[in-house]
Each structure stands twice: as C-alpha cells, then as structure tokens.
Trainee: 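The structure under discussion is supplied below as structure tokens; questions concerning it will follow.
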There are 2 protein chains.
Amino acid sequence: MSQSLSRALQILIELGEGERSLDEVAASLQVHKTTAMRLLHTLEADRFVRRDDRQRYHLGSRLFALGTIALAQHAIRDVAQPHLTRLAAETGGQAVHLAAYENGAAIYLAKVESTHAVRMYSRVGLPAALHATAVGKVLVAGLPRGEQDAVIAGIDFRPFTSRTIADAAAYREVLARTREQGWAEDAAEHEDFINCVGAPVRDEAGRVIAAVSVSVPDVILPREGVRALVPQLLAATGAISADWAGRSS
Amino acid sequence: MSQSLSRALQILIELGEGERSLDEVAASLQVHKTTAMRLLHTLEADRFVRRDDRQRYHLGSRLFALGTIALAQHAIRDVAQPHLTRLAAETGGQAVHLAAYENGAAIYLAKVESTHAVRMYSRVGLPAALHATAVGKVLVAGLPRGEQDAVIAGIDFRPFTSRTIADAAAYREVLARTREQGWAEDAAEHEDFINCVGAPVRDEAGRVIAAVSVSVPDVILPREGVRALVPQLLAATGAISADWAGRSS
DNA sequence: ATCACCGTTGCACATTATGCAACACAGGAA
DNA sequence: TTCCTGTGTTGCATAATGTGCAACGGTGAT
C-alpha cells in the first residue's frame, strides 16, 4: 500500500465535505504543510483539485469528468432505469434503488426519488452497509461461497438501530433465507421507521449482478405493507434480468 | 510534485478510457507490475478503482460519489440552467454550454444538447482549449492581468483547424477585442464547420465567473447567422449574472 | 497432470518523500 | 506609507518509503 497515495486520496475524500486551506489539509493529514502542499499541487496539475482566488482548495473537474464515465461503465443502469421508474410508480411513489457490490459495500447506482414528503436519505455513489440494508443482503447472498466468507469476515457489524443484525451467525441465517425466498428485507435495521425489501438482478448465467430495493417509511406503510410489495419487486427484477440477458446476446 | 501520486492519477485517467489488467497498467506506466499493483490496491481500498471477477480494473464508485459533489460545488450551474435551456430554445435548438476556468482550461459545467442531427461533441467535465473556443477566450479575457499573462504563457497554441489562433500575439488581440465588444467567437477554429459565440457571466463585482456559448454547425447557420445570435446570448448571460447577484445577497 | 499466464509476497536498497529553515507575498491595521 | 501577521513556496539534507527482483501461488486450458 502506498502511503503518499493514501494521503492524497484522503485529501480528495475530505474535500468532498467542503473546501479547505493548505493548513487545514496539513492538520487533517497530520503532516507538515510542505508535504500537504506537494500532494495538493500534484492533484491540481491533473485537475483532481482546484484552487480559488483565496487559495482555498476544492474538488476539481476531473472528478466529474471521470465520475460520469465510471457511472456509465455500469451498463446495467440503462437497462434498469425504465423498470425502476415503473416500479416506483406501481408502488405508490416509493423510493426505488439499484445497487451493486463493490469492495465491501453495496453502492447505489441509480435511484428514483420518493414522491412522499417523508423519505430516506441516499445518494448515487454512496455505500450502503451490507449487513443492514436489503440490497446489501441480496448482494452478499449472491456472492460465490469463498468470496462471501471473505466479505462476511470483513464486515463491521456496527448497529444502526436496535434492530440491526449484530453478528456473523445471525447474518448467515438471513443470507440463507434470502437465497431461499429470493428476496431480502431491512426491517428498520438501517434506519428507524423505514422498511425496505430488495431482490436480485441476475445475468444470463444466474449470477447476481445488482439489487433493486423499495424503501418505505412506517408512516406510509407498515412492515407488512412493504412485504406486500415483494411480488411487484420480483416482477421488476425479473424484467431487468431478462432485458439484460437480451442485451448481452 | 509527487511521483507516486502522479502515477496513480495517470491510472485513473487511463481507466477512464476503459478497463485494464494489472500488466496493461504496468506497461502503460512503464513500471514493474509490483509497483502498479500496490498503487491499484491503494486506489481500490478507498473505492477509486474496482476489480471485476476476471481481475480487470475499472473506475470505482468513489469517482461518481465525489464527482457529483464536485459538480454541485459549482453553484452557478443551478442559477444558469433555466437560462441555458431558454437560450437553446430561442436559438432554434442549438447546443448551449456553460463553462468555467480551471487550471489552464475552460471546463464544461453544463450543456443543453442540440436538437439537430449534426452537432459538436462535448461533455460536462471535459476541458476545452482556451485559445480555440469562444468560452476559452471569454474566460481568459476576464482574468486579472497578472494571471492572464501567466495563463497565456502556458498555452500550447496547437492547431485544431487551419483557422486556429497560432500565437500569443494574435491571441492577445482577440482577447482585447473580446473585452471591448463583450463577447467572443470561435469561427471554425476548434472544429471545422462549427461556429460558436460566447459571452461572460459576471458576479456582482464584475468579475467573470463563467462563460456561456452557443454552437452551430455551418449546415444549420453560416458564421454571420451565428453572430446574429449574440444579442440573445448577451441577454441570457446578463440574466444569469443578475440572478447570481440576487442569490449572493 | 502439466504448462503458461498472471496476480501476490517478502526482502534489500535506491530513490523519492519529508520536514526544516528561510523566504516571498498579500492583506489589514496603524 | 510602513509594519506585522498569516499563509503559501523554495531549497536542502536525510529519513523513510517506494521500487524492482526473485520466488511463489492460483487458475484455466490442454
């Protein structure tokens, strides 16, 4: 692992929280300001960061240039989008998400915003906890056995709510049930008062390549009401899977 | 400047052109594969790159997570968007762009696609050459004197077409004219058969903070026809500037 | 089973990243 | 205008990390 590079990446992540001065970056990294400055200048040369008139550092345009490409490289998004939109409409304007597994997390690739006033917070690009979300459970349940073991071993079972799964044994049971029934739920495990159901999108060989979820706050539908949305969810994921298979051949 | 970091950033830029294997990355960087691997693993740990089942490397989700933020940090986009859309409609469905200066280039922040079949290629996040585009000229013309001299000194006057400005002296004349008339043009200097006009968006202190352009292929409108769009362009940039001032106070 | 290819690990040392001291510059106050 | 403060920048020496080598491990095809 490269220490300099890690530091530079931390700078980028931190600038995602807001602009910074050289001194602030150096303090945050716990390095001398000269060290921070050289990293920042290197990042600036390739437009990963930019400086304003007052020498404040911001994220640069290269991030959105490459970000657009990175997102477009997830081709499943284009295939899924119309189905996600329809699913959102069919379920009464609930929030619908598409997510994929990446390096220890479920990453949101697409979303259809809820039309309701009360909603959950999410953003394309943000990771969701594998042990506390419906999409996370679906994605881990769909991993090959060896990879799944490695992933579970790396999970920090930190609690989001009093209902969050607390250990690997309980998680494995949930994964087994997810595989058996073909869908998963998050019953106020990630966020109090919000229930989700999720199901897998598969490629033509049956491998899980993404997950779709519907999220509903308690005030709109109780848990049983959210579970009642599973047939529509499964129809949508089935349709996406079929379209993906049709597209690949 | 940090050599390791530069190498890592080159990896990201290259992955923007498509997936790569470890060997391909090492060959491209001209380093031993162990060196490339360590950089890739560091990038992977923070989700700047991801690996697929076949050990191919791709851009990671952190890029679109941070990219979204980076673009949103350009607050002028939100203010300008409705005006860009209207300008595009008023000019008969031409391509309209919003750009800002960043580290030696004009960076496209927003665009309204042309509704015509024949159009120019551009993408949000991509840099445009300062010497060959209307937005480039507007942005450089609006820089403070000292900064402008430094920027011009750094320009590589490479030709895009036979009409591209070829040296700093000619460029300075064009900048002077741009300042005087309040707009600039690209008369098939960036791309054969495409003419553009551009004008500045200013903040309440009169500083140029962005540029707007209208681009039209010859087959749709000849150069004089594009110039005839300048009044509408100026009305739009004036309105954006006013809205920006109103928002800042 | 063997082979070829490609990713990974451990080690030593070559090279670069780092911090220090000094300097330069800009902005604000007197 | 001058002075002071704060912050970014430069040059140098050396400490530390990045690098390449050799060997190994794993996978897929024959």
Side-chain angles (χ1 to χ4, degrees), chain A residues 1-12 14-15 18-46 48-58 60 103-104 143-151 153-154 205 207, chain B residues 1-12 14-15 18-46 48-58 60 103-104 143-151 153-154 205 207:
Chain A
M1 298 288 257
S2 162
Q3 186 175 224
S4 284
L5 175 54
S6 283
R7 284 183 173 145
L9 299 180
Q10 283 310 122
I11 291 174
L12 290 177
E14 181 158 338
L15 289 180
E19 63 180 58
R20 296 285 191 274
S21 70
L22 172 62
D23 278 339
E24 285 165 343
V25 171
S28 178
L29 288 186
Q30 297 183 306
V31 295
H32 192 269
K33 68 176 174 176
T34 313
T35 300
M37 184 198 72
R38 291 193 191 108
L39 293 174
L40 282 161
H41 284 193
T42 304
L43 288 164
E44 189 181 8
D46 280 323
F48 284 86
V49 307
R50 66 183 169 96
R51 249 189 286 192
D52 66 23
D53 299 341
R54 292 148 45 242
Q55 304 282 1
R56 306 285 292 184
Y57 288 96
H58 306 254
N103 210 41
L143 292 174
R145 200 52 192 257
E147 197 177 348
Q148 185 181 111
D149 290 339
V151 170
R207 285 170 301 222
Chain B
M1 296 289 256
S2 162
Q3 186 175 220
S4 285
L5 175 54
S6 283
R7 286 182 172 146
L9 299 181
Q10 283 310 117
I11 290 174
L12 290 176
E14 180 160 338
L15 289 180
E19 64 181 56
R20 296 286 191 274
S21 70
L22 173 62
D23 278 338
E24 285 165 342
V25 171
S28 180
L29 288 186
Q30 297 182 308
V31 295
H32 191 270
K33 67 177 175 176
T34 313
T35 301
M37 184 197 72
R38 292 194 190 106
L39 294 174
L40 282 161
H41 283 194
T42 306
L43 288 165
E44 188 179 12
D46 279 322
F48 284 85
V49 306
R50 65 181 170 98
R51 247 192 287 194
D52 67 25
D53 298 341
R54 294 147 45 242
Q55 303 282 1
R56 306 285 292 181
Y57 288 96
H58 305 254
N103 209 42
L143 291 174
R145 200 53 193 256
E147 197 177 349
Q148 186 181 112
D149 290 337
V151 169
R207 285 169 300 221

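Side-chain atoms are counted along with the backbone in the values below, which use heavy atoms only and exclude waters and symmetry mates. Letters A, B, ... are given to chains in the order of the sequence lines, protein chains preceding strands, and every chain is numbered from 1.
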Trainee: Using a 4.0 Å heavy-atom cut-off, does Arg51(A) contact any base of the nucleic acid, only the sugar-phosphate backbone, or nothing at all?
Mentor: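 It contacts sugar-phosphate atoms only.
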Trainee: When the distance from CE of Met1(A) to C1' of dT9(C) is rounded to whole Å, what number comes out?
Mentor: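 Nearest whole value for this atom pair: 15 Å.
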Trainee: Is the shortest heavy-atom distance from the side chain of Leu43(B) to the side chain of Tyr57(B) under 4.5 Å?
Mentor: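 A side-chain contact is absent here, since even the closest heavy-atom pair is not under 4.5 Å.
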Trainee: Report the distance from atom CD of Glu14(B) to atom CG of Leu29(B), rounding to the nearest 0.5 Å.
Mentor: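 It comes to 7.0 Å.
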Trainee: dG6(D) P sits how many Å from Met37(A) CE, rounded?
Mentor: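 Spelled out: CE on Met37(A) to P on dG6(D) is 20 Å.
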Trainee: Specify the closest pair of heavy atoms between Leu12(A) and Phe48(A), including all atoms of both residues, with the distance to one decimal.
Mentor: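 The pair with the smallest heavy-atom distance is CD2-O, 3.7 Å.
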Trainee: Collect all protein-nucleotide pairs involving nucleotides 24-30 of chain D in which both atoms are nitrogen or oxygen and the distance is under 3.5 Å.
Mentor:
none

Trainee: Report yes if a donor N or O on one partner sits less than 3.5 Å from an acceptor N or O on the other, where the partners are the side chain of Arg38(A) and the base of dG19(C); otherwise report no.
Mentor: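 Checked by distance alone, the answer is yes.
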Trainee: Any idea which of dT7(D), dC6(C), dT9(D) is nearest the Asp23(A) side chain?
Mentor: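 Per side-chain heavy atoms of Asp23(A), the pick is dT7(D).
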Trainee: What is the distance from OH of Tyr57(B) to C1' of dC6(C), rounded to the nearest Å?
Mentor: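 Taking atom C1' of dC6(C) as the reference, OH of Tyr57(B) is at 11 Å.
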Trainee: In terms of the nearest nucleotide of DNA chain D, which residue is placed more toward the 5' end: His41(A) or Ala36(B)?
Mentor: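 By nearest-heavy-atom nucleotide position, the 5'-most residue is His41(A).
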Trainee: With no angle test and no hydrogens, is the base of dG8(D) tied to the side chain of Lys33(A) by a donor-acceptor pair under 3.5 Å?
Mentor: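 Such a pair exists between side chain and base.
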Trainee: Main chain of Pro144(A), side chain of Glu147(A): is a donor-acceptor contact present, judged purely on distance under 3.5 Å?
Mentor: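 Pair absent, no side-chain N/O of Glu147(A) close to backbone of Pro144(A).
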Trainee: From the list dT8(C), dG19(C), dA17(C), which nucleotide is the closest neighbour of the side chain of Leu22(B)?
Mentor: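 That would be dT8(C).
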Trainee: Is a donor-acceptor contact shorter than 3.5 angstrom present between the side chain of Thr34(A) and the base of dC20(C)?
Mentor: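 Such a pair is found, so the answer is yes.
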Trainee: For the pair made of CZ in Arg54(B) and P in dC5(C), what is the distance, rounded to whole Å?
Mentor: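 After rounding, the reported distance stands at 18 Å.
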Trainee: Hey, does the side chain of Gln3(A) come within less than 4.0 Å of dT17(D)'s phosphate (OP1/OP2), counting only N and O?
Mentor: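 So the side-chain polar atoms of Gln3(A) do come within 4.0 Å of the phosphate oxygens OP1 or OP2 of dT17(D), strictly under.
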Trainee: What integer distance in Å separates Gln30(B):CD from dG20(D):P?
Mentor: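 Nearest whole value for this atom pair: 11 Å.
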Trainee: What is the distance, to the nearest angstrom, from the CG atom on Leu39(B) to the C1' atom on dT16(C)?
Mentor: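 Atom-to-atom, Leu39(B) to dT16(C), this comes out as 13 Å.
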Trainee: Can you tell me how far P of dG7(C) sits from CD of Glu24(B), to the nearest Å?
Mentor: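 Value for this atom pair: 9 Å.
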Trainee: Give a yes or no on whether the backbone of Gly18(A) and the side-chain of Arg20(A) come within a donor-acceptor separation of less than 3.5 Å.
Mentor: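 Side chain of Arg20(A) to backbone of Gly18(A), a donor-acceptor pair under 3.5 Å: yes, one is there.
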Trainee: Contact class for Arg7(B) vs. all strands (heavy atom < 4.0 Å): base, sugar-phosphate, or nothing?
Mentor: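 Sugar-phosphate, no base atom in range.
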Trainee: For dC5(C) and Ser21(B) - does any side-chain N or O of the residue sit under 4.0 Å from the phosphate oxygens OP1/OP2?
Mentor: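 Checking dC5(C) against Ser21(B), no side-chain N or O comes under 4.0 Å of OP1 or OP2.
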Trainee: Write down the distance between NE2 (His32(B)) and P (dG10(C)), rounded to a whole number of angstrom.
Mentor: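 My rounded result for the distance is 16 Å.
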Trainee: For Thr35(B) and dG20(D), is the shortest distance between a side-chain N/O and OP1 or OP2 below 4.0 Å?
Mentor: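 True: Thr35(B) side-chain N/O within range (under 4.0 Å) of dG20(D) OP1/OP2.
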Trainee: Could you tell me whether a side-chain N or O of Asp52(B) sits under 3.5 Å from a main-chain N or O of His58(B), the two making a donor and an acceptor?
Mentor: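 No: the side chain of Asp52(B) does not pair with the backbone of His58(B).
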Trainee: So Arg56(A), base contact, sugar-phosphate only, or nothing? Heavy-atom distance under 4.0 Å.
Mentor: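 Since no nucleic acid heavy atom lies under 4.0 Å of Arg56(A), the category is nothing.
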Trainee: Do any side-chain atoms of residues 35-42 of chain B form donor-acceptor pairs under 3.5 angstrom with protein atoms, and if so which ones, sequence neighbours left out?
Mentor:
from     : atom 1 : to       : atom 2 : distance (Å)
His41(B) : NE2    : Arg51(B) : NH2    : 3.2
Thr42(B) : OG1    : Ser2(A)  : N      : 2.9
Thr42(B) : OG1    : Arg38(B) : O      : 2.8

Trainee: With a 4.5 Å cut-off on side-chain heavy atoms, are Leu22(A) and Gln55(A) touching?
Mentor: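 No. Closest side-chain heavy atoms not under 4.5 Å.
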